[in-house]
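First listed ligand is number 1; within each ligand, the first listed atom is number 1. Remember, it's a predicted structure, so these values are computed and weren't measured experimentally.
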Amino acid sequence: MNILVINCGSSSIKSEIIHSLTGNRELVMRVERIQKNPVIKFGDGETITPEVTGHEALLDLALPKLLEKQGAGGIAAVGHRVVHGGTEFDEAADISTEVEEKIAALSTLAPLHNPANLSGIRLAKKHLPNVPHVAVFDTAFHSTLPRRAKTYALPKELREKYAMQRYGFHGTSHDYVSRKAAEYLNKSVEELRIITCHLGNGCSIAAVEYGRSVETSMGMTPLEGLVMGTRSGDIDPGLLIHLMKNDDLSPEGLDQLLNKESGLKGLSGQGNDMRDIIEKAAQGDDDCRLAIQVFAHRVRKYIGAYAAVMGGVDAIVFTGGIGENSQMIRHRISQRLDFLGAILNEDKNHFRLDDEHPVGEFSWNHSRVKLLAVRTDEQLSIARQTAALVNKKKVNQIPPIPVAISARHMHITQATLEQLFGEGYQLTERKPLSQPGQFAANETVTIVGPKNQIERVRILGPVRPKNQIEISRTDEFFLGIDAPIRESGKVENSPGCIVIGPKGKIQLTDGVICAWRHIHMTPDDAEIFGVKDRDIVDVKIGTGDRALTFGNVLIRVSPKYKLEMHIDTDEGNAAEISRGATGALVLSDGEAHLTKKKLKR
Ligand code: AMP
């Protein structure tokens with residue numbers, strides 16, 4: 001679905017219409033210099049220099065223009081980036097009036113950002129009143145921080161009075177790149193300990209342990225942690241007391257100093273752009289050299305700390321403008337991490353990330369810890385989280401899944417068919433099966449195992465490139481064959497058996513499997529259920545006392561499929577399934593319950 005993503009920041013508005021599945025950008029809009037001499041730029045080249053200023057007036061002007069370009073009905077939902085979700089929001093939320101009020105109340109924690117985010121929400125609701133609006137919070141991914149990581153060592157009363165704790169930010173980015181890295185490593189994020197370093201104008205680092213953020217460097221505000229473009233990151237709080245006493249600094253003055261005048265800008269004296277600093281450092285500017293050293297040192301220090309926090313690390317991921325593009329900064333941070341098992345390969349550290357190559361690896365093959373740069377895409381992540389929430393709501397209204405019992409059967413190659421039935425033999429159709437194009441053939445074979453044989457095992461057509469015999473656990477015991485549970489088509493290293501037909505017999509060396517219970521569905525169904533091809537889900541069949549939940553059900557998605565769950569005869573008997581039985585995905589909070597372990601591709 002096409003999602004309008006609105007990132008209404010304190011000084012600029014970024015907006016994109018993104019297709020949630022393909023990630024294609026349909027239209028892009030940027031509003032810059034919101035308070036003075038604003039300019040609105042559209043991806044098609046049109047630029048407007050409006051008379052008005054401020055978030056609301058500018059969006060009021062820009063949004064109808066964007067909608068006009070996109071065409072009516074082209075947007076299924078709107079995803080809004082909201083910086084602070086406090087302790088209220090640990091995931092994306094459908095924006096009701098109550099949610100709006102909570103976002104407004106959280107402005108005390110993010111005075112520059114939440115009010116701007118809220119303006120975006122209100123204006124977008126005005127112009128798109130009939131589509132869902134979803135808030136995606138920068139803090140939500142870090143809501144899993146354990147108490148020991150999020151608590152400041154301050155008196156309890158004070159902490160409670162001002163909701164003072166570490167919240168963490170850039171959550172959408174840390175979440176996105178950790179998943180992308182896991183995908184690249186062909187593993188599930190739930191089996192990896194990843195340190196994600198988001199190094200842009202704002203910088204933060206997170207320890208993502210088995211898919212959950214357990215530590216991050218930004219705190220109650222985005223000021224804590226790493227050295228950033230203009231923010232100091234960690235400093236001794238005693239230094240602030242000293243400044244207040246001796247330099248007569250007001251809260252506003254401190255804010256300006258620590259948020260706007262420090263970090264790379266303060267260190268280098270050359271502004272906050274890392275590219276300029278690197279260039280000046282190469283020309284011999286000592287302040288710029290120091291800026292780079294302090295910057296890289298701080299990141300290294302945190303990497304060591306986070307490896308300790310997680311008791312080890314499997315991948316270190318760099319992202320953000322600096323992390324994605326600067327080979328030199330990646331090098332400085334990653335050198336001498338061999339003690340952790342992360343061995344830098346400088347020859348591989350020269351890639352350029354783009355849409356086609358969103359991940360670059362720069363560790364040696366034998367490096368136990370992988371060093372990766374991953375292109376972040378917060379807008380796409382917001383679009384996907386928005387689509388997922390919209391689908392979650394739909395999932396409660398979707399029809400049940402028809403359940404079919406699949407009796408023992410054989411898929412056969414043309415060559416084997418001819419060996420068993422005679423040269424040139426063609427399968428003949430007895431009746432069509434529910435999956436389009438498939439049929440039960442009139443032909444049957446006898447299967448012979450070490451202990452027994454089973455006659456009249458039906459062949460399913462059409463012929464396939466590989467022989468495959470699908471039997472139940474009971475059949476296995478009867479035949480004396482130890483068949484693995486596999487998805488259809490995966491017969492490598494499975495046992496074989498003898499197959500007898502009317503004109504001959506053949507010894508198969510492999511092909512006997514116990515079919516993995518699965519659900520066939522179309523891509524449209526998958527979007528409604530909020531699942532992807534090869535996800536693994538739980539399914540409840542039947543109701544009341546007779547209901548039985550089947551775990552470990554494989555999702556298979558293809559435009560050729562028809563929605564149907566396939567179980568074998570043993571499972572059908574266990575659930576006392578009769579004709580017309582249906583199943584439903586087990587939902588937690590309206591979301592399909594995905595089993596933790598994803599299937600490796
Ligand atoms: P972001 O906030 O993620 O857009 O990142 C902005 C930061 O990335 C700025 O400090 C840029 O100077 C920095 N950056 C972008 N490209 C490069 C590059 N090739 N080398 C070093 N820094 C870069």
Check: Do you know which of Glu324, Glu378, His198 makes side chain to side chain donor-acceptor pair (under 3.5 Å) with Thr319?
Finding: Glu324

Notebook entry, point to check: Can a non-hydrogen atom of Thr376 be found less than 4.0 Å from any atom of ligand 1?
Noted result: no

Note to self: Closer than 4.0 Å to some heavy atom of Gly321 - which atoms of ligand 1 meet that?
What the structure shows: 1 (P), 3 (O), 5 (O), 8 (O), 13 (C), 14 (N), 15 (C), 16 (N), 17 (C), 23 (C)

Note to self: Please check if the number of heavy atoms outside Lys41 that lie under 6.0 Å from its NZ is greater than 12.
What the structure shows: no

Next item on the list: State the CD-NZ distance between Gln165 and Lys150, to the nearest 0.5 angstrom.
Entry: 5.5 Å

Next item on the list: For Asn201, counting its heavy atoms only, list the atoms of ligand 1 lying under 4.0 Å from any of them.
Entry: 1 (P), 2 (O), 5 (O), 6 (C), 7 (C)

Next item on the list: Look at atom 19 (N) of ligand 1 and say which protein heavy atom is nearest, naming residue and atom and giving the distance to 0.1 Å.
Entry: Asn325 CB, 3.3 Å

Checklist line | Nearest non-hydrogen protein atom, atom 21 (C) of ligand 1 | finding: Ser326 CB, 3.5 Å

Notebook entry, point to check: Taking NZ, NE, NH1 and NH2 as the nitrogens, is one of them in Glu183 or Arg179 under 4.0 Å from a carboxylate oxygen of the other?
Noted result: no

Note to self: I need the contact type for Leu264 against ligand 1. Using non-hydrogen atoms and a strict under-4.0 Å cut-off, is it side chain, backbone, both or neither?
What the structure shows: neither

Next item on the list: Under 4.0 Å from a heavy atom of Gly320: give me the atoms of ligand 1 that qualify, with their elements.
Entry: 3 (O)

Note to self: For His84 and Phe169, I'd like to know if the aromatic rings sit close, meaning centre-to-centre distance below 6.0 Å.
What the structure shows: yes

Notebook entry, point to check: Salt bridge check: are Arg275 and Glu279 linked by an N-O gap of less than 4.0 Å?
Noted result: no

Notebook entry, point to check: Just one of Leu199, Ile278, Ile292, Ile333 clears the side chain to side chain contact (heavy atoms under 4.5 Å, CB included) bar with Ser326, so which one?
Noted result: Ile278

Notebook entry, point to check: Taking distance alone, with no angle check, do Asp273 and ligand 1 share an N/O pair under 3.5 Å?
Noted result: yes

Next item on the list: Check ligand 1 against Asn272 and write out every atom of the ligand that is under 4.0 Å from a heavy-atom position of the residue.
Entry: 10 (O)

Notebook entry, point to check: Does atom CZ of Arg33 have more than 12 heavy-atom neighbours, drawn from other residues, nucleotides or ligands, at distances under 6.0 Å?
Noted result: yes

Check: What residue and heavy atom of the protein are closest to atom 13 (C) of ligand 1, and at what distance?
Finding: Ile322 CG1, 3.5 Å

Check: How close does the nearest protein non-hydrogen atom get to atom 22 (N) of ligand 1, and which residue and atom is it?
Finding: Met274 CB, 3.6 Å

